[in-house]
Novice: 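Below is a structure I'd like to ask you about.
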Amino acid sequence: MVAVIGGIAGVLGLAVLIGWQTHSVALIQLSPALAPMPFNTALCFVFAGMALGCWGRAPRAAPILGGLVAAIGSLTLGEYLFHTNLGIDQLLFRSYLTTETANVGRMSPVSSFCFALAGLALILLGLSAAPRWRLLAVGALSSIVISITLVALLGYAFRLPGTYGWGQLTRIAVHTATGLCFVGAGLFIIAWSTALNPGERTPRWLPVALALAVFTGSLVLFFALEGKQDQEIAQTVRAGVEGAKDQIAVRMESRFRSLARMAQDWEISGAPAQAAWEANAASYVHDLPDVEALEWIDATHRVRWIVPMAGNATRLNDSTLEERRKAALEQAEQEHRPVVTRIVSLADGGRGFVVYAPIMVNGQSDGFLAAVFKAQTCLDRYLPPAVAEDEAISVSEGAQVFYGRDADAQPIRQDWIVQEKVQLHGATWNLRMWPTPALAARLDSPLPVVVLCAGGLGALLLGAVSFYAQRSARQATETTRANAALQAAIDQVKTLEGLLPICCYCKRVRDDTGYWSQIDTYLRKHTKASLSHGYCPECAAKFYEECGLDVPDKVKAEIAAGNFE
């Protein structure tokens, strides 16, 4: 059986090696959407198959071949753990298939971990001088390999990527998981058959192996379900970020266009009267509540008109411009399109931004129309609670945060924070979003923890049940043996009693060796009876007569009663 399993593993590895050499993609990759089996993985299957195939004939080869398998698996696993490249991934062959592959030519961390365990098990099997516990270690290692690969195959069947891929690293191929399952089964069979004691049906390490297998499977499922849950939360937050980004971009683009139309009307119709402009500006501000004020700045960068006047009177006839406003004005004039400033301080002390639309009349600048926005008020309207519901939002420019919605709700996990850049004409905003505790509680399922706890409890129960079942079986076997021995002894005693030779004169008994002994000595030797000595009535009467004594009445009465033969 083990040789057949080894042959299957070896043929699988050899077929994939031939596939790499002959560019037969069907042998390497079962489907264009699935991960291929790397060259080093196929090589490990050849070595492991050879070790299993020659186990009964050349067991000394097992530790050598197992050492090669363990070395390749351990070195690859070390590359993942220490984020390094040892140059072994494409040492023997240059890979040309990269589907679901994070590092070209490198086997998945799942494969490398399983091959490291399988190689170590082969090494332990080949050490004949090793203590008896090595079979326990082999059984435990092989059960872990079987559990991991079976869960990976189930993950492929139920579309649970976390079972066959760790994070964003290379995925284990379907036929790789199948082959490793066979290798683990072969090792398990060897350990089982070698560890059996006479008269026992199961090895004594079986409870440990079963418990480890169940717990390993539940642990892999736990991380897979956690990963899927995190992915769903990240997708929800990303969808919210995209929605918020679109809302900001669409609203700001609408404000750019409306301001550009006002500037274009000025360019076509000429400068309006101040009263007419202020009436038009008042309607603009009324229809767009997110606009705090509308200004006309002349070509000398002096604020001439402003609506509403309340709260903005200090800005009238002001020509003082901070660097950010000045840079935006120059850019708008050069590009002849609306430009938004970076975050600036507003007249009322808040923070916001200004959109400048240039006015060009006959090729000459006639000033700018400026729409002033307060960041918090503006973005509150652009991002109502219906947009990215139950998600905290933070908008910043560089390191300066100028808007927040539920920003005091600290992110539960840093990897749940999603960031996007909002590109505007003249400025770039950083949009950050993460789930609030309410959303996290709604999306955070207890299923992974339940699976882990159930798996741990199931592992303990299965191990305990199998342990007590084995102990009961051993006790039953021992009881059966003791009963058989006792019955044999009883039968022997009965046989001796049926064939007991006794002297008709002195009443000595002859045993099986031909030795004659007193009957009381014989009975003490062959039975557990304790004998006491005395006189029968006739002998007692003879004893009294020989001693010249009168026979007691009691003895005479017993003789008269005839209670003896």
Side-chain angles (χ1 to χ4, degrees), residues 13 16 20 28 34-48 51 63-124 137 140-149 151-152 155 161-173 176-177 179-180 183-184 187 212 215-217 219-228 230-231 234 413-417 448 452:
V16 175
W20 280 111
I28 307 168
L34 298 177
M37 182 189 295
F39 190 89
N40 284 355
T41 301
L43 198 62
C44 286
F45 274 127
V46 172
F47 291 150
I64 299 174
L65 296 169
L68 294 174
V69 174
I72 297 174
S74 300
L75 290 175
T76 306
L77 192 60
E79 289 181 318
Y80 283 113
L81 293 176
F82 300 105
H83 306 285
T84 186
N85 186 356
L86 301 177
I88 63 173
D89 303 324
Q90 300 190 82
L91 179 63
L92 302 176
F93 192 85
R94 304 292 295 182
S95 299
Y96 49 82
L97 294 175
T98 59
T99 308
E100 297 285 351
T101 301
N103 303 89
V104 180
R106 184 177 299 178
M107 72 173 71
S108 76
V110 181
S111 303
S112 58
F113 180 69
C114 289
F115 276 125
L117 297 185
L120 179 59
L122 287 169
I123 293 173
L124 292 175
L141 294 174
S142 59
S143 64
I144 293 174
V145 172
I146 295 171
S147 179
I148 291 175
T149 51
V151 171
T163 59
Y164 53 84
W166 296 346
Q168 300 301 317
L169 302 176
T170 302
R171 305 294 199 236
I172 184 174
T176 301
L180 278 168
V183 171
L187 292 169
L212 273 176
F215 182 73
T216 301
L219 192 63
V220 173
L221 281 176
F222 167 76
F223 285 116
L225 292 172
E226 277 278 310
K228 186 177 182 180
D230 291 346
Q231 185 180 14
R413 287 174 47 175
Q414 292 299 317
D415 56 342
W416 285 354
I417 300 176
L452 182 61

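Side chains are part of it too, since the values below use all heavy atoms of this structure and drop only hydrogens, waters and symmetry mates.
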Novice: Can you name the one residue among Val183, Val69, Val145 that meets side chain to side chain contact (heavy atoms under 4.5 Å, CB included) with Cys114?
Specialist: Val145
Novice: Please answer whether the main-chain N or O of Ile172 pairs with a side-chain N or O of Thr176 as donor and acceptor at a distance below 3.5 Å.
Specialist: no
Novice: In Å and rounded to the nearest 0.5 Å, what is the OG to CG distance from Ser108 to Leu169?
Specialist: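 Rounded to the nearest 0.5 Å, the OG-CG separation comes out at 9.0 Å.
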Novice: For a quick test of reading the model, state the closest non-hydrogen atom pair linking Gly162 to Ala224 and the distance between them.
Specialist: C-CB, 3.4 Å
Novice: Among residues at least two apart in sequence or on other chains, which ones pass side-chain hydrogen bond (donor to acceptor under 3.5 Å, both in side chains) with Thr163?
Specialist: none
Novice: Given side chains that start at C-beta, do those of Leu120 and Leu141 come closer than 4.5 Å, heavy atoms only?
Specialist: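 When only atoms from C-beta onward are counted, Leu141 and Leu120 do touch, with a gap below 4.5 Å.
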Novice: Side chains of Phe115 and Ser74: closer than 4.5 Å at any heavy-atom pair?
Specialist: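 Sidechains of Ser74 and Phe115: no contact.
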Novice: For the CH2 atom of Trp20 and the CZ atom of Arg94, what is their distance to the nearest 0.5 Å?
Specialist: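 Here the interatomic distance stands at 11.5 Å.
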Novice: Looking at Thr98 and Thr101, would you say the former's side chain and the latter's main chain have a donor-acceptor pair under 3.5 Å?
Specialist: no
Novice: Taking the side chain as every heavy atom from C-beta outward, state whether Leu219 and Leu452 have any pair of such atoms under 4.5 Å apart.
Specialist: yes
Novice: How far apart are the closest heavy atoms of Ser142 and Gly184, and which atoms are they?
Specialist: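 Closest pair (atom of Ser142, atom of Gly184, distance): CB-O, 3.4 Å.
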Novice: Is it true that a side-chain atom of Tyr164 and a backbone atom of Val151 form a donor plus acceptor pair closer than 3.5 Å?
Specialist: no
Novice: Roughly how far, to the nearest 0.5 Å, is the CG atom of Leu212 from the CD1 atom of Ile146?
Specialist: 12.0 Å
Novice: Can you give me the closest heavy-atom contact between Ser112 and Leu77, atom names plus distance?
Specialist: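 Looking at all heavy atoms of both residues, the closest pair is OG-CD1, 3.6 Å.
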Novice: Which pair of heavy atoms, one from Gly78 and one from Thr84, lies closest together, and at what distance?
Specialist: O-CG2, 4.3 Å
Novice: Kindly compute the distance separating CG (Leu180) from OG1 (Thr149), expressed to the nearest 0.5 Å.
Specialist: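 One gets 6.5 Å once the value is rounded to the nearest 0.5 Å.
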Novice: Please evaluate residues Leu34 and Thr99 with respect to the criterion side chain to side chain contact (heavy atoms under 4.5 Å, CB included), reporting the C-alpha separation (whole Å), side-chain torsions for both, the decisive distance (0.1 Å), and the verdict.
Specialist: CA-CA 7 Å; Leu34 298 177; Thr99 308; over 6 Å; no
Novice: Spell out, as yes or no, whether a donor-acceptor pair under 3.5 Å connects the side chain of Glu226 to the backbone of Pro448.
Specialist: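 Pair absent, no side-chain N/O of Glu226 close to backbone of Pro448.
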Novice: Could you report the tightest heavy-atom contact between Thr170 and Ala102, atom names first, then the distance?
Specialist: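 That would be OG1-N, 2.9 Å.
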Novice: Tell me, do Phe39 and Gln90 make a side-chain contact under 4.5 Å, heavy atoms counted?
Specialist: no
Novice: Within the distance-only criterion (no hydrogens, no angle test), does the side chain of Thr41 pair as donor or acceptor with the backbone N or O of Met37 below 3.5 angstrom?
Specialist: no
Novice: Closest approach of Gly87 and Glu79, non-hydrogen atoms and distance?
Specialist: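 Smallest interatomic distance, heavy atoms only, reads N-OE2, 3.8 Å.
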Novice: Report the C-alpha separation of Leu43 and Leu92 in whole Å, then their side-chain angles, then the decisive distance to 0.1 Å, and conclude whether the side chain to side chain contact (heavy atoms under 4.5 Å, CB included) test is met.
Specialist: CA-CA 10 Å; Leu43 198 62; Leu92 302 176; 3.6 Å; yes
Novice: Determine whether a donor-acceptor pair (N or O, by modelled atom type, separation under 3.5 Å) exists between the side chain of Ser147 and the backbone of Ser143.
Specialist: no
Novice: Going by the rule side-chain hydrogen bond (donor to acceptor under 3.5 Å, both in side chains), which residues pair with Asn103 if we only count those two or more places apart in sequence or in a different chain?
Specialist: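 With sequence neighbours excluded, Asn103 shows a side-chain hydrogen bond (donor to acceptor under 3.5 Å, both in side chains) to no residue whatsoever.
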Novice: Measuring from atom CG of Leu117 to atom CD1 of Ile148, what distance do you get when rounded to the nearest 0.5 angstrom?
Specialist: 6.5 Å
Novice: Measuring from atom OG1 of Thr76 to atom CZ of Phe113, what distance do you get when rounded to the nearest 0.5 angstrom?
Specialist: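 Answer rounded to 0.5 Å: 14.0 Å.
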Novice: Side-chain contact, heavy-atom cut-off 4.5 Å: Pro161 with Arg171?
Specialist: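 Of all side-chain heavy-atom pairs linking Arg171 with Pro161, at least one is under 4.5 Å.
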Novice: Okay, side chain of Asn40, backbone of Arg106: is any donor-acceptor separation there less than 3.5 Å?
Specialist: no
